[in-house]
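Step one of this worksheet: look at the structure below.
We're numbering straight along the sequence, starting at 1. Keep in mind that what you see is a predicted model, and the values were worked out from it rather than measured.
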Amino acid sequence: MISRALNRQLGISIHGLQPARLYTPTTRSAATHRTYHQLRAQQQSLQQQPSSIPLLQHSTRARFFSHAATMPAMQVRSIGFSSIPRMTISVLRLPTLLAGTTVAGVTLANNKISDWTDKGTALVLDGLKEAQKVFSTLQEQAEELDISIPEIHLRVPDAVKDFLATLSSSSTSGEQHSTTHSFDKVNNENNTGGGDGDGGGNGNKDGEKAAAAATTAAAVAAFMNDEEEEEDARPAKKSKKSASNGGGHQDEQLMMLTKKLIEIRSILMSIDHNETLKLPSIVVVGSQSSGKSSVLEAIVGHEFLPKGSNMVTRRPIELTLIHTPGEDEEYGEFPQLGLGKMHDFKKVQKTLVDMNLAVSEEECVSDKPIELKIYSPNVPDLTLIDLPGYIQISNKNQPETLKSKIEDLCEKYIRGPNIILAVCAANVDLANSPALRASRKMDPLGLRTIGVITKMDLVTPEAGAAVLRNADYPLHLGYIGVVCRSPEGVKGNMTNALIRQEEDFFHNHLIYNQRDIQVGTATLRHKLMNVLEQSMGRSLYSIVDAVQQELEESRYQFKVQYNDRRVTAESYVAETIDSLKHNFKDFATRFGKPQVRHEVRTMLEQRVLDICAEQYWSDPKIAELPKAAVDDFYWLYKIDLASAALTKSGIGRSTTQLVVDVLMSNMERLANAEPFSYHPETRKQVMSFTGEILRSKFLATSDQVENTIKPYKYEVEVTDMEWSDGVKRAVALLEKELEMCDQMASSIKNAVGKKKLKGAIKYLLDLEREDDRRQERLRQIAEEGGIATEEQVFHENDEEIVKPFYNPKILEKAKEALFLRDRSMILKYRIAALKSRQCKTSENKQYCPEAFLNVIAEKLTYTAVMFIQVELLNEFFFQFPREVDNRLVYQMNRRQIQQFARENPPIQKHLDLQERKSKLEDVMDKLNYLVKRQADRQARSKLGSMP
């Protein structure tokens, strides 16, 4: 009883390592359970001592040592000044508890209690001193483990002494009988199996006093411990869901640094993969059959990793586990893909399979990582990297260099300061483990390597324990044995069921309960949390310096390049759309009715030239036109035919299509100008809805134009002023055409050469005369009644014809030159006719077809432009800006806006530097907060350790 009381009292107030709740026999781990029974046996052997007082001291030390041994090495609670008032209050409440407790009344009510109470109290003090010596010894032994135990200062409060004295004087006669009976029972237990005659008599009296004192001290300590356990139970109930994160609320406080640094790591990874800005992660390596996936899934509590007989893990998987206390939602996210929350882990698994199998079998391994974040209240805050498993030999479908590529990829990730999680199967000799071999290469001393032995159920307990003792291939962080077999019939998170299954397995084999053996997924999770926290804590100040340096460089570049001018994706989109609208407005102002009239007139004038060239200039009788009679049917028919060709050739459709083409070409020019030259998809959208607007108005406009020009298809009335203007325009048009012909002829002469061109032209003329001669000869033979073929006529004077050789291309140029020469002659002739007296009046329109057709073209132009302006242009200029807002602005979401802005390289560079600077400032604020918090914790720790 007294040893249990001492255990409770000292377990609460002595140790100064890390806060944790002491385990009761029903909740202690397998190793604790085993040690408890071993030391219990040692205690019973110590009870064979002959003297009662030494026996009590030995029993106290044994039982105290037993309890101390059962406490986890890193899970004890420190005493502080705040514990003293709480203990005092608890002591003051002892009379109330003991007055209502039958066991305490039976044990303490003895007719001789007044004689040995003081001795029992002194004995308690002696026991405390012995316990202090035991802890001093334990502290000396623990120095090798870098564990510091503060100095112990214990005393029995005066209130306890007063209470014992009062209790001894207030016992009743009825209670004396029960107390004597209980005392005899305790005395007999203490004296079982030994002692000589002297020890028997004195031993009874001393044993009675010792038993009573032990019972009293046990009650006192039990009450105090119950109070402490009630306080421990309150946060445990509140954070029941977070218990899987390594031990409840206190572990969450300890892991705050890790959680914050993981957030910082995610921010730094979003900036770039600069080696100087990387925080430690846990890299999981092992062969393909070692059980890496099972270990990771046991930590997460879901099956989500790719599985298959072929090599399915072909890319590194950067797994970030984010603990979400107080929430029931579990989901995964792929930041690279933007798929949102994925609550079904089967979909997560399928996505991983697809992303891995996207790497071809010829390449087989890629160093481009897959980022996966898992949010759950059942996972600890960890950053894990799963790598492709080591292979011994590649198959016929895989490249021969696959083995070396995997080794190089793993070496890239297991460099410091990353923590190496070397996964090995228990049924494979560690000497053949590629994971340990690679870790030994990059971490020769094993300071940052954790060994995980999987499939412990496939080997004998003796062989498994031998591996876990860390003797053959020692690692500073040791080995942890796991089974990680997925429990059957579990829906949802399988963490708790898997841990219970593992505990059942290891409890059934007592050899795994030894103190120097670590087993279980729960132990592994807690180990990873602690190691990652320590590693990140060591990297805190170095990452602060690196981030500070990068931040200063970013600020300097931002100042020099952009003069601290901020820009956002939204502002860039707004400026771009505004520039498009502004350019469109300028175009709409410039392209009005005069510009449309010019375009339509130009088209119709070209049509007039084509009709004149077809109907008049190619007619051999054109030279006879000025001398023809006024009522010459031939030329009257010609003028009517030319007028119909101009008015009945679909003017409405052609003029409307002309204006549409002009609008489309100008809109294409606007869309291709900066900054839209950087946005091909947006440019396509602009041209798309521009075409939609114009197509929607095309038919109505062309039909309206056709209806308004119908009168000109039958009769055209011309005033003297219209005729005079038509003649002037016709002369100007022909003079312009003549100038173009002369320019083209001059360019051909310069390209071919004057002499060579002249010879080629002469050759063509000779061929033309020869052809005329043959045709004349054939006609003569036919008139004389003879029969001759064209071939015979062709060879009559063959010997007299000299046929020089000319390049076909030169002959083509010579033909063009001849055509231009003839056209120039005709144009000069027609210009002179238009300037003659004969063309002064519209009554002689048959003599001046160029002037008459030009008058008609002017009338068609005026009428068509009037309706095109109303039906097409005004509607287009009104609708286009609104379609820009509807199609380009209002339909763009946040992601599309960001993507649009980053399509422009200068803007992307500006945004990247600005975002980098902003994120580094955010990281720096978080790091400064962590540094300050760490300094405060160290200051409080030093203050608490002061005597």
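- Proximity of a side-chain donor or acceptor of S618 to a complementary backbone N or O of A613 within less than 3.5 Å is detected.
- Screening residues 589-602 for side-chain hydrogen bond (donor to acceptor under 3.5 Å, both in side chains), with sequence neighbours left out, gives R601-E858.
- Counting only residues at least two apart or in different chains, salt bridge (Lys or Arg N to Asp or Glu O under 4.0 Å) contacts with residues 615-630 comprise D619-K638.
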Under the salt bridge (Lys or Arg N to Asp or Glu O under 4.0 Å) rule, what do K835 and E735 come out as? Steps first, then yes or no, please. CA-CA 12 Å; K835 292 180 179 180; E735 288 178 347; 3.3 Å; yes
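- Taking the charged nitrogens against the carboxylate oxygens, E915 and K919 do have a contact shorter than 4.0 Å, which makes a salt bridge.
- The salt bridge (Lys or Arg N to Asp or Glu O under 4.0 Å) pairs that include a residue from residues 694-703 are K697-E875, where partners are two or more places apart or lie in different chains.
- Salt-bridge annotation for E550 and K917: absent, with no side-chain N of the basic residue lying under 4.0 Å from a carboxylate O of the acidic one.
- A salt bridge links R902 to D912: at least one charged side-chain nitrogen sits closer than 4.0 Å to a carboxylate oxygen.
- In the displayed structure, K749 atom NZ is contacted under 6.0 Å by at most 12 heavy atoms of other residues, nucleotides or ligands.
- Aromatic ring centres of F880 and F689: separated by under 6.0 Å.
- Classified by interplanar angle (parallel below 30°, tilted 30° to 60°, perpendicular above 60°), the ring pair F558/Y562 is tilted.
- A search for side-chain hydrogen bond (donor to acceptor under 3.5 Å, both in side chains) contacts involving E668 returns nothing, not counting sequence neighbours.
- Shortest non-hydrogen contact noted between L911 and V567 is CD2-O, 3.4 Å.
- Listed by first and then second residue, the side-chain hydrogen bond (donor to acceptor under 3.5 Å, both in side chains) pairs that reach into residues 672-682 are Y572-H679, N672-R683, H679-E903, sequence neighbours excluded.
- Counted by atom type alone, Q657 and D661 present one or more donor-acceptor pairs between their side chains at under 3.5 Å.
- Looking at every heavy atom in both residues, I831 comes nearest to V731 through CG2-CG1, 4.4 Å.
- Heavy atoms only, all atoms of each residue included: Q891 and N886 are closest at CG-O, 3.2 Å.
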Give every donor-acceptor pair under 3.5 Å between a side-chain atom in residues 847-857 and any protein atom, sequence neighbours left out.
{"residue": "Y847", "atom": "OH", "partner": "A628", "partner atom": "O", "Å": "2.6"}
{"residue": "Y847", "atom": "OH", "partner": "A629", "partner atom": "O", "Å": "3.2"}
{"residue": "Y847", "atom": "OH", "partner": "V630", "partner atom": "N", "Å": "3.2"}
{"residue": "E850", "atom": "OE1", "partner": "R830", "partner atom": "NH2", "Å": "3.2"}
{"residue": "E850", "atom": "OE2", "partner": "W617", "partner atom": "NE1", "Å": "3.1"}
{"residue": "E850", "atom": "OE2", "partner": "R830", "partner atom": "NE", "Å": "3.0"}
{"residue": "N854", "atom": "OD1", "partner": "R729", "partner atom": "NE", "Å": "2.8"}

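- A donor-acceptor contact closer than 3.5 angstrom is absent between the side chains of Q879 and E883.
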